[in-house]
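In what follows, every heavy atom counts, from backbone to side chain, and hydrogens, waters and symmetry copies are set aside.
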Amino acid sequence: EVIDGKFTFKGTIDTPQQFYISIGTIQSVIPIFLENAKYTIKGNDQELSKAQVKGGKSQELFNEYTSVRASLTEKYNLKQLNKQFMMSRSNEEKDSIIGIFDMYEEELNRFKDSLINKNLVSHFTLSFLESSILEIPVDSAEHLVSLFDAAPEFEGNRTLDRVRKSVEIEKDLQIGMPAKDFTLKTP
């Protein structure tokens, strides 16, 4: 409940992860990487997505990532390029725009990778690992999972459990692995 422009919520969370705070019928949301820490949120209801969220190690890493993403979006003028791409009828122009999008993505991925490498065993990294698990070679994913398994603070972490399950499924689907028996009984 929002009273005089302020709200409070209390509690604990067993698995840190990203959530979104919404207010009533306002179309925007506040992204927050919630973990057991104290947070402050400053903003206004006209621009919820621009609210400043502070608190928690994962949130600070998320803030750093989103700040660089916003800077790169501006640097490459992606909003205008997106409009230009949608209106373009020339394949040559579209290819040129795609090249710029590729440069943006490459630069953002380099930053994300450096941030992850500096914070390898973190809830922030685990969140990215979960979202990109199918893009990582199985042996690399297994190695990353073993790093998280060795860290006591990740014991019972539901995100890690989902990542571990995805890795096992991918491992079973690798070339040379015995195929699962999909035989169905005749009705």
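Rounding to the nearest 0.5 angstrom, the gap separating the CG atom in Leu120 from the CG atom in Leu115 is 11.5 Å. Note that CZ of Phe148 and CG of Asn157 are 8.5 Å apart. Values are rounded to the nearest 0.5 Å. In this structure, CD1 in Ile98 is found 11.5 Å from CD in Glu105, a value given to the nearest 0.5 Å. Atom CZ of Phe154 sits about 6.0 Å away from atom OG of Ser122, to the nearest 0.5 Å. Taking CD1 of Ile30 as the reference point, atom CD1 of Ile32 lies at 8.0 Å (rounded to 0.5 Å). In this structure, CD on Glu153 lies 10.5 Å from CG on Leu160, to the nearest 0.5 angstrom.
Atom CD of Gln80 has more than 12 neighbouring heavy atoms from other residues, nucleotides or ligands inside a 6.0 Å radius.
By the 6.0 Å and 45° rule, Lys94 stacks over the aromatic ring of Phe85.
Between Arg158 and Asp161 there is no salt bridge, since no side-chain N of the basic residue sits under 4.0 Å from a carboxylate O of the acidic one. A salt bridge between Lys79 and Glu74 is absent, with no side-chain N of the basic residue lying under 4.0 Å from a carboxylate O of the acidic one.
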Let me check something: any side-chain donor-acceptor pairs from residues 127-142 under 3.5 Å, sequence neighbours excluded? List them with distances.
{"from": "Glu130", "atom 1": "OE1", "to": "Arg162", "atom 2": "NH2", "distance (Å)": "3.4"}
{"from": "Glu130", "atom 1": "OE2", "to": "Arg162", "atom 2": "NE", "distance (Å)": "2.5"}
{"from": "Glu130", "atom 1": "OE2", "to": "Arg162", "atom 2": "NH2", "distance (Å)": "3.3"}
{"from": "Ser131", "atom 1": "OG", "to": "Phe128", "atom 2": "O", "distance (Å)": "3.0"}
{"from": "Ser132", "atom 1": "OG", "to": "Phe128", "atom 2": "O", "distance (Å)": "2.8"}
{"from": "Glu142", "atom 1": "OE2", "to": "Lys171", "atom 2": "NZ", "distance (Å)": "3.0"}

What side-chain donor-acceptor pairs closer than 3.5 Å can you find for residues 59-66, not counting sequence neighbours?
{"from": "Gln59", "atom 1": "OE1", "to": "Phe33", "atom 2": "N", "distance (Å)": "2.5"}
{"from": "Gln59", "atom 1": "NE2", "to": "Asn63", "atom 2": "OD1", "distance (Å)": "2.7"}
{"from": "Glu60", "atom 1": "OE2", "to": "Gly55", "atom 2": "N", "distance (Å)": "3.0"}
{"from": "Asn63", "atom 1": "ND2", "to": "Val53", "atom 2": "O", "distance (Å)": "2.7"}
{"from": "Thr66", "atom 1": "OG1", "to": "Phe62", "atom 2": "O", "distance (Å)": "3.1"}
{"from": "Thr66", "atom 1": "OG1", "to": "Asn63", "atom 2": "O", "distance (Å)": "3.1"}

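Annotation for Ser49 and Ser28: closest pair N-OG, 3.0 Å, computed over non-hydrogen atoms. In this structure, Gly156 and Thr15 approach most closely via the heavy-atom pair O-OG1, 4.0 Å.
The salt bridge (charged side-chain N to carboxylate O under 4.0 Å, His left out) test applied to Glu47 returns Lys50, not counting sequence neighbours. Every residue meeting the side-chain contact (heavy atoms from CB on, under 4.5 Å) condition with Asn36, not counting sequence neighbours, appears here in chain and number order: Thr12, Ile13. Every salt bridge (charged side-chain N to carboxylate O under 4.0 Å, His left out) that Arg110 has, sequence neighbours left out, goes to Glu106. By the salt bridge (charged side-chain N to carboxylate O under 4.0 Å, His left out) test, Asp113 pairs with no residue at all, sequence neighbours left out.
Taking hydrophobic clusters as Ile, Leu, Val, Met, Phe, Trp and Tyr residues chained together by side-chain heavy-atom distances below 4.5 Å, Leu173 does not share a cluster with Val167. When the side chains of ILVMFWY residues are joined at heavy-atom separations under 4.5 Å, either directly or via intervening members, Ile169 and Val145 end up in two distinct hydrophobic clusters. By the criterion of side-chain heavy atoms lying less than 4.5 angstrom apart, applied directly or through intervening Ile, Leu, Val, Met, Phe, Trp or Tyr residues, Ile97 is grouped together with Met86 in one hydrophobic cluster.
Within the 4.5 Å cutoff, the side chain of Glu35 has heavy atoms near those of the His123 side chain. Within the 4.5 Å cutoff, the side chain of Asp149 has no heavy atoms near those of the Glu155 side chain. Looking at Arg69 and Lys112, their side chains never come closer than 4.5 Å, going by heavy atoms from C-beta outward.
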Give the intermediate values and the outcome of side-chain hydrogen bond (donor to acceptor under 3.5 Å, both in side chains) for residues Gln84 and Glu93.
CA-CA 9 Å; Gln84 193 176 340; Glu93 183 180 19; 2.9 Å; yes
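Exactly one of Ile21, Ile23, Val29, Ile41 qualifies for a side chain to side chain contact (heavy atoms under 4.5 Å, CB included) with Leu48. That residue is Ile23.
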